[in-house]
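Chain letters run A, B, ... following the sequence lines, proteins first, then strands; residues in each count from 1. Everything numeric here is computed off the predicted structure, so don't read it as measured data.
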There are 2 protein chains.
Amino acid sequence: MRILLIEDDTVLGAAIRDQIAADGQSVDWVMRLDAAGDAVKSASYDLILLDLMLPDGRGIGFLKGLRARGDVTPVIILTALDQVSDRIEGLNAGADDYLVKPFDLAELSARIGSVARRYSGNPNPIVCHGPLAIDLAARSVHRDGKPVALTAREWALFDAFLARPGQLLSKAQLEEKLYAFDAEVESNTIEVHVSRLRKKLGSAVIETERGMGYRLGRP
Amino acid sequence: MRILLIEDDTVLGAAIRDQIAADGQSVDWVMRLDAAGDAVKSASYDLILLDLMLPDGRGIGFLKGLRARGDVTPVIILTALDQVSDRIEGLNAGADDYLVKPFDLAELSARIGSVARRYSGNPNPIVCHGPLAIDLAARSVHRDGKPVALTAREWALFDAFLARPGQLLSKAQLEEKLYAFDAEVESNTIEVHVSRLRKKLGSAVIETERGMGYRLGRP
DNA sequence: CTCTGGCTGACACGAAGCTGAAGCGGCGGA
DNA sequence: TCCGCCGCTTCAGCTTCGTGTCAGCCAGAG
């Protein structure tokens with residue numbers, strides 16, 4: 001397993017690197033976001049350990065950029081305890097886990113193992129739904145064998161439906177899913193995104209229950 | 001989603017319970033391991049929040065017992081920061097995640113959502129009533145295996161009957177259920193909706209008590 | 001038979017939902 | 001640093017369909 005470590009603290013970084021190496025994994029250690037960007041472009045990693053406070057920016061942006069490009073490499077965030085909002089932001093930005101500094105190196109190993117286990121078993125399971133083939137882990141959708149590009153919000157919305165197939169979901173519930181906690185949408189955003197999803201995936205995927213909400217249609 | 005909360009701290013427990021309820025999930029809260037054991041035996045949960053330090057033992061043992069019995073219900077551990085070894089032990093014992101106390105309630109929601117997404121796919125409980133199969137969570141009704149589409153008002157009315165099966169409900173009571181106080185219906189609306197429900201669900205579902213009201217018929 | 005209360009088809013209104021378009025902000029490339 | 005692209009939100013006008021109303025019919029009770 002190849003691991004990318006992004007951490008600017010030389011002492012902690014070295015300790016982590018040694019621990020991972022001792023576990024028999026291969027590590028690349030960079031100390032800046034620009035170097036991290038180069039690294040993920042030039043190599044493929046199975047796991048990224050990401051510190052949030054770095055000399056050339058916050059790790060959150062890096063993570064968001066990664067996910068925006070469709071990169072689904074599992075990411076574990078390394079963060080200080082008092083940065084609760086960072087942790088939430090990180091999870092919402094697509095992180096898979098976080099570790100609170102200071103942490104025990106044995107715990108790091110356990111978490112790495114956990115993430116590895118979660119993502120092992122390639123190839124990814126494909127969910128089929130009528131003419132759609134959905135790879136949840138890779139966040140990709142194919143319609144009649146042709147790839148469909150979904151934006152972040154579209155995917156989040158679709159994901160909410162896939163999690164509860166056939167179940168009625170009110171707009172309020174969907175807004176919560178899409179906007180987490182700081183929701184301040186006072187418009188018909190959900191309707192608009194539903195409209196776009198239907199245009200991309202076919203009008204039958206999402207059914208309207210007037211006055212109640214939406215549900216994933218039968219295949 | 002049904003969640004079992006095992007936590008002996010009354011203040012924290014109440015806060016967690018309220019937060020989960022606010023997220024629209026259903027919570028059972030127990031404060032001891034023996035009660036937790038009874039709970040998992042008598043009901044099925046989608047997620048367990050497990051405090052590790054409890055008056056009648058350590059949560060780790062409970063978790064191990066659960067896994068030994070083949071129970072794969074996702075478990076999130078609630079633990080104090082300094083119990084690093086506990087956290088590792090917990091993860092190795094089969095926990096899916098942990099939260100470090102003190103934690104932000106918003107973070108709890110995020111983690112619950114994450115676990116729920118990962119493990120979603122267990123079917124909702126189905127209520128059967130003669131030829132009808134009703135999924136309350138999904139708000140779906142099947143009649144002889146075929147889906148029946150109910151409108152918002154129709155569902156509200158049907159729901160009122162389902163809440164009190166066999167009990168006589170006057171039109172005034174039903175109007176209250178459907179229109180919540182600001183009602184200014186001065187017509188035979190209820191009769192109309194009952195008629196529409198009967199047409200969709202079968203004429204036997206709702207019985208008329210002349211001069212008194214309606215009741216849900218025996219299956 | 002009469003009277004009262006319930007049933008139901010028809011219909012018009014308005015709220016809820018849909019969607020094209022415009023404004024806006026963030027990110028990446030130059 | 002500036003510019004342009006792209007996705008997200010908002011808005012407005014249009015469409016759809018759920019719902020309340022009513023009228024006429026039906027059925028049970030006395």
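For D:dG20, one of the phosphate oxygens OP1 or OP2 lies less than 4.0 angstrom from a side-chain nitrogen or oxygen of B:Y179. For B:Y214, no side-chain nitrogen or oxygen approaches OP1 or OP2 of C:dG5 to under 4.0 Å. Contact between the side-chain N/O atoms of B:T208 and the OP1/OP2 oxygens of C:dG5 is not found at any separation under 4.0 Å. OP1 or OP2 of D:dT19 has not a single side-chain nitrogen or oxygen of B:T189 nearer than 4.0 Å. Between A:H193 and D:dG7 there is no side-chain N or O to OP1 or OP2 distance below 4.0 Å. Considering only side-chain N and O atoms, A:S195 lies under 4.0 angstrom from the phosphate OP1 or OP2 of C:dT19. Side-chain nitrogen and oxygen atoms of A:K199 include at least one within less than 4.0 Å of the OP1 or OP2 phosphate oxygen of C:dG20.
A 6.0 Å sphere centred on CZ of A:R32 holds more than 12 heavy atoms belonging to other residues, nucleotides or ligands.
By the salt bridge (charged side-chain N to carboxylate O under 4.0 Å, His left out) test, B:E209 pairs with B:R215, sequence neighbours left out. Applying the side chain to side chain donor-acceptor pair (under 3.5 Å) rule to A:S195 yields no partners; only residues at least two apart in sequence or on another chain are considered. By the salt bridge (charged side-chain N to carboxylate O under 4.0 Å, His left out) test, A:E207 is found to be paired with no residue, residues two or more places apart in sequence or in another chain being considered.
For the pair A:K171 and A:E191, the tightest heavy-atom approach, listed with the atom from each and the gap, is NZ-OE2, 2.6 Å. Of all heavy-atom pairs between B:L47 and B:T73, the closest is N-CG2, 3.8 Å. The minimum heavy-atom distance between B:L169 and B:A160, with the atom names listed, is CD1-O, 3.8 Å. When all heavy atoms are compared, the tightest approach of A:W155 to A:L150 is CE3-CD1, 3.6 Å.
Put simply, CD on A:E175 is 14 Å from C1' on C:dG17, counting in whole angstrom units. In this entry the distance linking CD1 of B:I206 with C1' of C:dT8 reads 15 Å, nearest Å. Per the geometry, CD belonging to B:E209 stands 21 Å off P belonging to C:dT4, to the nearest Å. For B:L197 and C:dC7, the CG to P distance is 12 Å, given to the nearest whole Å. Following rounding to the nearest Å, A:E191 (CD) and C:dA21 (P) show an atom-to-atom distance of 18 Å. Put simply, CD1 on B:I190 is 14 Å from C1' on D:dT21, counting in whole angstrom units. One atom, CG of B:L178, and another, C1' of D:dG18, lie 14 Å apart when rounded to the nearest Å. One interatomic measurement links the two molecules: CG of A:L174 to C1' of C:dA16, which rounds to 16 Å at whole-angstrom precision.
A donor-acceptor contact shorter than 3.5 Å links the side chain of A:R198 to the backbone of A:I206.
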Checklist outcome for this item: B/S/- along nucleotides 23-30 of chain D (protein heavy atoms under 4.0 Å) is B---BB--

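Checked for salt-bridge contact, B:K200 and B:E154 meet the test: a charged N lies under 4.0 Å from a carboxylate O.
Under the 4.5 Å side-chain criterion, counting only non-hydrogen atoms from C-beta, A:E7 is not in contact with A:L49. Inter-residue side-chain proximity for A:D28 and A:L5 is flagged as unmet; no heavy-atom pair is nearer than 4.5 Å. In this structure the side chain of B:I3 never reaches within 4.5 angstrom of the side chain of B:Y45, judged on heavy atoms.
Using a 4.0 Å heavy-atom cutoff across all strands shown, B:V194 reaches no nucleic acid atom at all. Contact annotation for B:R198: backbone-only contact, meaning every heavy-atom pair under 4.0 Å involves sugar-phosphate atoms and none involves a base.
Applying a 4.0 Å cut-off to non-hydrogen atoms, the residues of residues 149-157 of chain B that approach DNA chain D are B:T151, B:A152, B:R153, listed by residue number.
Rotation axes derived from the C1' atoms of the five outermost pairs at either end of the helix from C:dC1-D:dG30 to C:dA30-D:dT1 lie 30° apart, to the nearest 10°.
In terms of position on DNA chain C, the residue among A:R196 and A:K171 whose nearest nucleotide sits closer to the 5' end is A:K171.
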